[in-house]
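Inspection log for the structure reproduced underneath, given as structure tokens.
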Amino acid sequence: MMSAAFPQGSVAGEVSPLRLNPGASIEVNVAATAPVHLDAGARPGDYVAGVVDAGSSAATLELLKDGKPVRRFFLDAAGRSDFRFVADEGGAVLRISTKGAAHVIVRLEKRIGLSEQGGPKAKLASPIMADLAAKLAAGERTDAFWRMVAEKGAPLVEPGPAGKATVTFLARGAKRGVRILGAPSSDHDPMERLGNSDVWFKTYVLPSSTRLSYKLAPDVPEFPGTERERRVAILATAKADPLNRAPWPVEASDAYNQSSTVSLPDAPAQPWIAPVGAHSGTLSSLTFASEKLGNARDVTIYTPPDFNPADPETVLLFVFDGREYQSKVPTPLILDNMIATRVIPPTVAVFIPNIDGDARATELPGNTTFADALAEELLPKVLAATKLTGNPTRTALAGSSFGGLASTTIALRHPEAFGNVISLSGSYWWHPEGTDPARDNHVATLVASTPRRDLRFFLSAGLFESRGGGRPSILETNRHLRDVLEAKGYAVSAREYAGGHDYLVWRGALSDGLLALFGTKGNRP
């Protein structure tokens, strides 16, 4: 241990500071009028940490830059005091001063250079990727790895803990990076680069019941702009994974209009989406011109084979996002198959399209005028066209996202018209302007504060819909609404899927909702 004292009145630059070395302590005698200067020997970017023990004396420690104090660590502190900083240009000289003569011990605990910094490398969750990392470290190339991927397809699926699988998404040869649109985190997750190779990857440990669709976006443009502008730039390069063998839809015009899919071994069956030779229902068009809304659109009506409007068991189903629920979710085919196997009764479906994106964002979330237009204008028009008799216990609203939200709020406003709700990933984070979403789940509050209606609900949400983007998430708000509905005495069937905000999931959830609310004897879950 070294012992030294500076001449009375010394300042940095007049006397060379004492040098501190990592792991070593020095003792200095400090006079009231003669601060002591210590050099931590740090370069710019170095992390420095240490401790000063002033005993019963009152000591002050400062960091100097070019001879002037730029940071005070502590003032008139007795006993042991810690200090830590990152060195800047201009050196790393410390100044100790005391109110009276004092014997002070200083120990430099750490001095970590910039090149040594960085957290410990995480263990790769994928054994395949860990093996590749070891081979790259030994000087091997990635050619054999990519041949294996071309043979197996991507993403790579390996065993995980009980009920889980290790899933690794891959991309090759990007210059700046790759993002996953539709990642299990519900965010646009960035991939990691494996060393300096041409392998980009991201590994997740997922439930073995996972089903999801995704796109890969290499080298997403980076530019000044709003957070939303920079976020949606992912759409400029996002396209189907060229290594994935399960594209969707298969007949898409190009890779940019196509997604890739993952269905792990325990993903719930979707038995109603494939043609099995069932007789097809009939599609017809009906113009819905609304005086209340001041607009018009054509709705599509599906009537089942051998349709009998006098059958009291017939279900009347209104579906929001009508175009998407005839394409991404093949609802007519689903109904053909389910009706043919008699798991549900004959069902008439009315597909309500959006006039455009702005109209959707205005009409679906909590719009009482739109609710009144459906109950008082569209419903009577459909009943007249189909010759059905209105029966709320056999009438349902169905939709996903804003469509799920609309299904619930419209039924709550008009239970005399619509007695059933199929809500798929309903956007219950939505709240009227001027209310606080963090404190008020608007729809749950509406349910709690109004008399119970004669309604039945099927609610679904994805386990990967847990990210709220600064607001309560879809998963969280769906669970909250479920609990409030049950507490209020409503009949509720709720289901969660290992998936995200995804039509690939909803094409199965829709049939699950139909079974839950209208399944024939022995066919309800």
* Asked: Of Phe201, Trp200, Tyr214, which is the lone residue that meets ring pair (Phe, Tyr, Trp, His ring centres under 6.0 Å) with Phe169?
  -> Tyr214

* Should we say atom CG of Asp306 is surrounded by more than 12 heavy atoms from elsewhere, each under 6.0 Å from it? -> no

* Asked: Using a distance-only test with no angle check, is there a side-chain donor-acceptor pair under 3.5 angstrom linking Asp502 and Ser213?
  -> yes

* To do: Verify the distance criterion only: is there a donor paired with an acceptor across the side chains of Asp266 and Ser209 at less than 3.5 Å?
  => no

* Arg342 CZ: over 12 foreign heavy atoms closer than 6.0 Å -> no

* To do: Check the pair Ile352 / Thr300 against side-chain contact (heavy atoms from CB on, under 4.5 Å), numbers first and verdict last.
  => CA-CA 7 Å; Ile352 307 170; Thr300 300; over 6 Å; no

* To do: Would you mind reporting whether Trp272 and Leu333 have side-chain heavy atoms less than 4.5 Å apart?
  => no

* Asked: Leu317 and Leu514: side-chain contact (heavy atoms from CB on, under 4.5 Å), yes or no, with the steps?
  -> CA-CA 9 Å; Leu317 176 70; Leu514 289 168; 4.2 Å; yes

* Given side chains that start at C-beta, do those of Leu378 and Ser290 come closer than 4.5 Å, heavy atoms only? -> no

* Centre of Phe320's six-membered ring, under 6.0 Å away, within 45 degrees of the axis: is that where NZ or CZ of Arg360 sits? -> no

* Around atom NZ of Lys152, are there more than 12 heavy atoms of other residues, nucleotides or ligands at under 6.0 Å? -> no

* side-chain contact (heavy atoms from CB on, under 4.5 Å) between Glu158 and Ile128: does it pass, once the steps are laid out? -> CA-CA 8 Å; Glu158 301 171 86; Ile128 292 176; 3.1 Å; yes

* If we ignore angles and hydrogens, is there a donor and acceptor under 3.5 Å between the side chains of Gln326 and Thr331? -> no

* Evaluation steps, side-chain hydrogen bond (donor to acceptor under 3.5 Å, both in side chains), between Ser427 and Ser401 -> CA-CA 5 Å; Ser427 297; Ser401 196; 3.2 Å; yes

* Looking only at side chains, do Thr408 and Tyr428 share a donor and an acceptor under 3.5 Å apart? -> yes

* Asked: Is the shortest distance from a Lys or Arg side-chain nitrogen in Asp356 or Arg297 to a carboxylate oxygen in the other one below 4.0 Å?
  -> no

* Asked: Got a salt bridge between Glu496 and Arg479, using NZ or NE/NH1/NH2 to carboxylate O under 4.0 Å?
  -> yes

* To do: Would you check if Thr314 and Thr347 make a side-chain contact, meaning some heavy-atom pair closer than 4.5 Å?
  => no

* **Min side-chain heavy-atom separation Arg453-Tyr490 under 4.5 Å** => yes

* Atom CG in Leu124, atom CG in Leu132: separation rounded to 0.5 Å? -> 9.0 Å

* Partner residues of Ser284 under the side chain to side chain contact (heavy atoms under 4.5 Å, CB included) criterion, sequence neighbours left out -> Ile301

* Structure fact -> Closest non-hydrogen contact found for Leu397 with Ala411 is CD1-N, 3.9 Å

* In sequence, state the C-alpha distance, the side-chain angles, and the governing distance for Val348 and Val315, and then conclude on side-chain contact (heavy atoms from CB on, under 4.5 Å). => CA-CA 6 Å; Val348 173; Val315 172; over 6 Å; no

* Spell out, as yes or no, whether a donor-acceptor pair under 3.5 Å connects the side chain of Asn420 to the backbone of Arg456. => no

* Validation row: Leu170, Met129 side chains within 4.5 angstrom (heavy atoms) -> yes

* Structure fact -> The ring pair (Phe, Tyr, Trp, His ring centres under 6.0 Å) partner of His501 among Trp506, Phe402, Trp429 is Trp506

* To do: Please indicate whether Lys202 has more than 12 foreign heavy atoms, meaning atoms of other residues, nucleotides or ligands, lying under 6.0 Å from its NZ.
  => yes

* Only counting residues at least two apart or in another chain, list the ones meeting salt bridge (Lys or Arg N to Asp or Glu O under 4.0 Å) with Asp198. => Arg172

* Any idea which heavy atoms bring Ala125 and Thr166 closest together, and the distance? -> O-CG2, 3.9 Å

* Asked: If you draw a 6.0 Å radius around NZ in Lys488, do more than 12 non-hydrogen atoms from other residues or ligands fall strictly inside?
  -> yes

* Structure fact -> Of all heavy-atom pairs linking Ile234 and Ala217, the shortest is CG1-CB, 3.4 Å

* Structure fact -> One should read off an interatomic distance between Phe457 CZ and Leu455 CG, to the nearest 0.5 angstrom, of 4.5 Å

* Residue Arg176 excluded, over 12 heavy atoms near CZ under 6.0 Å -> yes

* **Shortest non-hydrogen separation from Leu364 to Gly403 and the atoms involved** => CD1-N, 4.0 Å

* Is a donor on one side and an acceptor on the other found under 3.5 Å between the side chain of Asp219 and the backbone of Ala174? -> no

* Structure fact -> CZ of Arg211 to OG of Ser263, rounded to nearest 0.5 Å, is 4.0 Å

* Asked: Considering the options Phe318, Phe288, Tyr302, which one meets the side-chain contact (heavy atoms from CB on, under 4.5 Å) requirement together with Val350?
  -> Phe318

* First locate atom OG of Ser400, then atom CZ of Arg507, and finally report the distance between them rounded to the nearest 0.5 Å. => 14.0 Å

* Do you know which two heavy atoms are closest between Thr389 and Leu383, and how far apart they sit? -> C-CD2, 4.2 Å

* Asked: Taking the side chain as C-beta and beyond, is there a heavy-atom pair between Ile474 and Ser425 under 4.5 Å?
  -> yes

* To do: Might you work through the salt bridge (charged side-chain N to carboxylate O under 4.0 Å, His left out) test for Asp187 and Arg231, ending with a clear yes or no?
  => CA-CA 10 Å; Asp187 202 358; Arg231 183 174 175 81; 3.0 Å; yes

* Any Val447 side-chain heavy atom under 4.5 Å of Leu481 side chain -> yes

* Given Met191, which of Thr168, Leu216, Val199 fulfils the side-chain contact (heavy atoms from CB on, under 4.5 Å) condition? -> Leu216

* If you measure only the distance, is there a donor-acceptor pair under 3.5 Å linking the side chains of His414 and Asp372? -> yes

* Apply the test salt bridge (charged side-chain N to carboxylate O under 4.0 Å, His left out) to residues Asp512 and Arg495: give CA-CA distance (whole Å), side-chain angles for both, the deciding distance (0.1 Å), then the verdict. => CA-CA 9 Å; Asp512 290 342; Arg495 184 164 179 179; 3.1 Å; yes

* Specify the closest pair of heavy atoms between Asn337 and Ala274, including all atoms of both residues, with the distance to one decimal. => ND2-O, 3.0 Å

* To do: Report, as yes or no, whether the 6.0 Å neighbourhood of atom CG on Asp454 holds more than 12 heavy atoms from other residues, nucleotides or ligands.
  => no

* Does a side chain donor of either Thr203 or Ser126 reach within less than 3.5 Å of an acceptor in the other side chain? -> no

* Asked: What distance separates Ser423 OG from Leu405 CG, expressed to the nearest 0.5 Å?
  -> 8.0 Å

* Asked: Between Gln258 and Asp241, is a side-chain hydrogen bond (donor to acceptor under 3.5 Å, both in side chains) present by the stated rule, with each step listed?
  -> CA-CA 9 Å; Gln258 192 174 55; Asp241 179 354; over 6 Å; no

* Flag the pair Pro190 / Arg179 as yes when at least one side-chain heavy-atom distance between them is below 4.5 Å, and no otherwise. => yes

* Using a strict 4.0 Å threshold on nitrogen-to-oxygen distance, state whether Glu313 and Arg394 make a salt bridge. => yes

